[in-house]
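This report concerns only the one structure given below.
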Amino acid sequence: MEIHSPMDAVELSRIRAIGEKVQQLQKEGRDIVRLQIGEPDFTTPGHIIAAAKAAMDHGQTHYAPNRGLVSLREEISRKLLRDNGITADPATEILVTSGCAEGLYLVFMGLVEPGDEVIILEPAYISYLQLARAAHARAVPVHAKEENGWLPDLDELRAAVTPKTKLLVLNTPGNPTGVVYPREVLQQIAALAQEQDFLVLSDEVYEKLIYDGAQHVSIASLDGMKERTITINGFSKAFAMTGWRMGYLAADARLILPMLKVHQYAVASSNIIAQSAAITALQAGESCVEEMRREYARRRQFLLDAFAQIPEISCVAPAGTFYIYPNISGTGLSGTEFADKFLMEAGVATVPGTAFDSFCNSHIRLSYASSMESLQTAVSRLKGMLKK
């Protein structure tokens, strides 16, 4: 029997495909430096782990409410007001999700209809395009240029808007480039969203990982934007909690409701033990987050200094995240060719820019969520490869 699926147009993650290739090479005995995935090398802080153990010891092993534990939603509400200037009613305007990945899925499945247009500011996280396809929407890429610090041209963005535009996906700090959108750019985007009446999905999962005095601004905090913005955030990156699968959405109650319906029938509720740990993560302050951020800053500077000494490579300094997105066109190779050569010849796994950008093939993404030792080995191997 021939099988057709609504998911036929959706691609599997190219990042995960590289990871599978790495695993196969390691099984064959190859020593591979893994810089392809945004996986903090830190273990979740001990006080968060202890909170999860305590929750289990106290019998907290049952279903959580569909929207998430009330106590966690209240803590998220306080965090949003304190850190982001966003007022969100914990009863109706916050939804706890199984990671940001599920949160993104809920936005596209709950709010985007077939035939809608979704503007994606490229280079962009790989899921945005694939989820637009899963929703049978039309993805409209707008290319942010390297010479503009990876910020989009506002005239080009305006030109991409049509009466069918339903959603613009905004990611700041941004994966893969590390761009942090300044307030004045966000104000221009906000004005356009209100003028043309479309929604904004603001993916802010890297908000705590910023450098060189950059400031994170949540677009939902700007005048007139709360009612048309879905803010997504989580615990994976800042708190080194990738395996806990904890995220959340904040939006107007009218936007939360359709996403709650998808969430209810897809997962019922997020893991209650992880939710208890997330409460402690928010309550205990951010000293552990700052400690990790300082180490990421040190690794970031190491890579910037190293690339500055390699004439074939240029790089815009990332203002946030734990990714760096160097231009390797000076090597004479495309990003795809370079990433493949770097892996097969030098044993360093990275991601070609084509995983994030439909406009050009001149970059690779490296994650400096790996140890300094791994980064030093990668740079040494890179120099050796380029000398051949």
Side-chain angles (χ1 to χ4, degrees), residues 63-114 116 118-119 125 127-128 131-132 134-135 137 165-172 189-190 193-194 197-205 207 218-236 244-272 274-276 278-279 281-282:
Y63 287 126
N66 292 140
R67 293 176 184 265
L69 290 173
V70 173
S71 50
L72 175 54
R73 283 182 277 140
E74 289 174 343
E75 207 62 53
I76 291 168
S77 178
R78 285 189 282 270
K79 181 269 176 204
L80 287 168
L81 183 61
R82 179 184 67 244
D83 295 352
N84 307 96
I86 299 171
T87 301
D89 181 354
T92 61
E93 296 183 326
I94 293 173
L95 175 60
V96 178
T97 64
S98 297
C100 290
E102 193 216 351
L104 291 171
Y105 178 80
L106 298 181
V107 173
F108 281 87
M109 295 301 108
L111 299 175
V112 177
E113 300 177 71
D116 283 345
V118 177
I119 295 177
Y125 178 49
S127 290
Y128 306 149
L131 286 172
T165 301
K166 180 68 165 289
L167 180 72
L168 180 145
V169 183
L170 178 68
N171 180 207
T172 179
I189 294 174
Q194 293 174 67
D197 194 26
F198 58 79
L199 300 173
V200 174
L201 165 59
S202 185
D203 183 348
E204 304 181 13
V205 70
E207 67 164 337
S218 294
I219 195 168
S221 69
L222 303 182
D223 289 345
M225 287 304 294
K226 178 190 171 183
E227 57 267 31
R228 65 176 63 251
T229 301
I230 309 98
T231 301
I232 185 168
N233 210 325
F235 298 82
S236 291
W244 299 71
R245 309 314 301 135
M246 270 286 98
Y248 57 89
L249 297 169
D252 184 272
R254 296 173 302 164
L255 298 175
I256 289 288
L257 182 58
M259 295 188 289
L260 173 63
K261 292 177 182 178
V262 180
H263 173 74
Q264 190 176 73
Y265 291 111
V267 300
S269 61
S270 299
N271 185 297
I272 194 169
Q275 289 188 56
S276 298
I279 293 170
L282 292 175

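What you see is a predicted model; the values in this text were computed from it and never measured.
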Donor-acceptor contacts, no H, no angles, side chain residues 100-113, under 3.5 Å, sequence neighbours left out:
from, atom 1, to, atom 2, distance (Å)
Glu102, OE1, Ser98, N, 2.7
Glu102, OE1, His263, ND1, 3.4
Glu102, OE2, His263, ND1, 2.7

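Residues Met246 and Val96 approach most closely at CE-CG1, 4.0 Å, considering heavy atoms. Across all their heavy atoms, Tyr63 and Ile272 have their closest contact at O-CD1, 3.9 Å. Between Arg73 and Pro90, the closest heavy-atom pair is NH1-O, 2.8 Å. Here the closest non-hydrogen pair linking Ile256 and Ala251 is CG1-O, 3.6 Å. The two residues Ile219 and Ile189 make their nearest non-hydrogen contact at CD1-CG2, 4.0 Å. Taking each heavy atom of Ala88 and Ser77 in turn, the nearest pair found is O-OG, 2.7 Å.
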Stepwise, does the salt bridge (Lys or Arg N to Asp or Glu O under 4.0 Å) test hold for Glu204 with Lys79? CA-CA 13 Å; Glu204 304 181 13; Lys79 181 269 176 204; over 6 Å; no
Could you go through Ile94 and Leu80, starting from their C-alpha distance and side-chain angles, then the distance that decides it, and tell me whether this counts as side chain to side chain contact (heavy atoms under 4.5 Å, CB included)? CA-CA 10 Å; Ile94 293 173; Leu80 287 168; 4.2 Å; yes
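Taken from OG in Ser269 to CZ in Arg67, the straight-line distance is 13.5 Å, to the nearest 0.5 Å. Atom CD1 in Ile119 sits 4.5 Å away from atom OG1 in Thr165 (nearest 0.5 Å). Atom CG of residue Asn84 and atom OG of residue Ser221 lie 7.5 Å apart, to the nearest 0.5 angstrom. Taking CG from Leu255 and CG from Leu201, the interatomic distance works out to 11.0 Å, rounded to the nearest 0.5 Å. Between the CG atom of Leu95 and the OH atom of Tyr248 there is a distance of 12.5 Å, given to the nearest 0.5 Å. In this structure, CG on Asp83 lies 8.5 Å from OG on Ser218, to the nearest 0.5 angstrom.
Of the possible donor and acceptor atoms, none in the side chain of Glu75 sits under 3.5 Å from a partner among the backbone N and O of Leu282. Judged by distance alone, the side chain of Gln194 and the main-chain N or O of Asp223 form a donor-acceptor pair under 3.5 Å. Panel note: side chain Gln275, backbone Gly68; no donor-acceptor pair is recorded below 3.5 Å.
Looking at heavy atoms from C-beta onward, Ile230 lies in side-chain contact with Met259 at the 4.5 angstrom threshold. For the pair Tyr125/Val205, no side-chain contact is recorded, criterion being any heavy-atom separation below 4.5 Å from C-beta on. Taking 4.5 Å as the limit, some side-chain heavy atom of Val70 sits within range of a side-chain heavy atom of Glu74. Residues Asp203 and Tyr128 form a side-chain contact, since some pair of their non-hydrogen atoms from C-beta on lies under 4.5 Å apart.
Legend: residues meeting side-chain hydrogen bond (donor to acceptor under 3.5 Å, both in side chains) with Arg82, ordered by chain and number and at least two apart, are absent.
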